Amino acid sequence: MPATPLIRLSHSWLDDGHALVAGSLFVALGMTMFAHAGLLTGGVAGVAFLVSYATGWSLALCFFVFSLPFFWLSWQRLGVAFTLKSLCAVTLVSLCTALAPQVVRFELLNPWVASVLGGFLIGFGLLALLRHQASVGGVNIVAQWLQQSRGVRAGHVQMGVDVLVVLAALAVVPPQRVLQSVVGAVAIGAIL
């Protein structure tokens with residue numbers, strides 16, 4: 001008698017809801033660690049970090065607003081379900097990132113530890129979301145679309161854009177923090 005495969009092709013709404021919450025919390029915690037250590041990541045989140053550091057504007061608000069334009073592509077190319085799940089994830093990440101400093105403290109957080117651990121958290125969060133047909137918007141939407149339509153691995157797209165944004169940060173962030181941020185981008189890419 002042949003063995004039954006353990007891989008499920010579809011997820012229940014409860015499975016998807018759990019993944020959206022867990023993935024969003026992982027991403028938000030990783031972003032909070034990055035923000036506390038003065039680091040940044042790539043993609044739209046990286047642009048949000050840069051604008052937040054340069055202007056003092058809220059990281060969570062920048063992330064939410066900068067992610068919104070990408071939902072048109074998501075709606076057009078990836079479907080209603082992906083778009084709605086992703087919009088929920090972006091909203092959760094934004095809310096949790098805004099609230100995190102009130103409930104989590106990192107007084108002794110070393111920036112090198114933040115880059116690796118925060119990167120792993122963000123990577124695991126993104127992976128949970130992608131496996132449940134969702135993303136945190138921005139470049140993740142473009143990466144998911146390229147993977148589905150062109151066969152380009154989402155992790156490679158994300159990693160390439162992340163490294164470019166982190167390198168562009170040299171105008172705003174001290175070089176050591178940029179190097180630590182590159183380590184964080186590598187940690188994210190390694191998980192994806």
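Being a predicted model, the structure only gives us computed values, none of them experimental.
Contact detail for Gly42 and Val165: the closest heavy-atom pair is CA-CB, 3.8 Å. When all heavy atoms of Leu130 and Ser135 are compared, the closest pair comes out as CD2-CB, 4.4 Å.
Grouped with Leu164 in a hydrophobic cluster is no other residue, since no side-chain heavy-atom contact under 4.5 Å to another Ile, Leu, Val, Met, Phe, Trp or Tyr is found. Other cluster members for Trp13: Leu14, joined by side-chain heavy-atom distances under 4.5 Å among Ile, Leu, Val, Met, Phe, Trp and Tyr. Cluster partners of Leu84, using a side-chain heavy-atom cutoff of under 4.5 Å among ILVMFWY residues and allowing indirect links, are Trp75, Val80.
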In a table with atom names and distances, give each donor-acceptor pair under 3.5 Å that connects a side chain of residues 17-34 to protein atoms at least two apart or in another chain.
| from | atom 1 | to | atom 2 | distance (Å) |
| --- | --- | --- | --- | --- |
| Ser24 | OG | Leu20 | O | 2.6 |
| Thr32 | OG1 | Ala28 | O | 2.7 |

Please table the atom pairs, donor to acceptor, closer than 3.5 Å between any side-chain atom in residues 95-116 and protein atoms at least two apart or in another chain.
| from | atom 1 | to | atom 2 | distance (Å) |
| --- | --- | --- | --- | --- |
| Thr97 | OG1 | Val93 | O | 2.7 |
| Asn110 | OD1 | Trp112 | N | 2.7 |
| Asn110 | OD1 | Val113 | N | 3.4 |
| Ser115 | OG | Trp112 | O | 2.7 |

Under 3.5 Å donor-acceptor pairs involving side-chain atoms of residues 178-192, not counting sequence neighbours:
| from | atom 1 | to | atom 2 | distance (Å) |
| --- | --- | --- | --- | --- |
| Gln180 | OE1 | Arg177 | NH1 | 2.9 |
| Ser181 | OG | Leu40 | N | 3.1 |
| Ser181 | OG | Leu40 | O | 3.4 |
| Ser181 | OG | Arg177 | O | 2.8 |

For residues 44-60, please give each side-chain donor-acceptor pair under 3.5 Å, one per line with the distance, not counting sequence neighbours.
| from | atom 1 | to | atom 2 | distance (Å) |
| --- | --- | --- | --- | --- |
| Ser52 | OG | Trp57 | O | 2.8 |
| Tyr53 | OH | Leu39 | N | 3.3 |
| Tyr53 | OH | Leu39 | O | 2.3 |
| Thr55 | OG1 | Val51 | O | 2.6 |
| Thr55 | OG1 | Trp57 | N | 3.1 |
| Ser58 | OG | Ala60 | N | 3.3 |
| Ser58 | OG | Leu61 | N | 3.1 |

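Residue pairs meeting the salt bridge (charged side-chain N to carboxylate O under 4.0 Å, His left out) criterion with at least one partner in residues 124-137, sequence neighbours excluded, do not occur; the list is empty. Here ring-ring contact (aromatic ring centres under 6.0 Å, His included) pairs that include residues 113-150, with residues two or more places apart or in two chains, are His11-His132. Sequence neighbours left out, not one pair with a member in residues 20-37 passes salt bridge (charged side-chain N to carboxylate O under 4.0 Å, His left out). Screening residues 75-100 for salt bridge (charged side-chain N to carboxylate O under 4.0 Å, His left out) gives Asp16-Lys85 as the qualifying pairs, with residues at least two apart or on separate chains.
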Exercise for review: Go through His156 and Gln147 one step at a time and tell me if the side chain to side chain contact (heavy atoms under 4.5 Å, CB included) criterion holds.
Suggested key: CA-CA 10 Å; His156 292 163; Gln147 181 169 305; over 6 Å; no
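Residues meeting the side chain to side chain donor-acceptor pair (under 3.5 Å) test with Thr83, sequence neighbours left out: Ser74.
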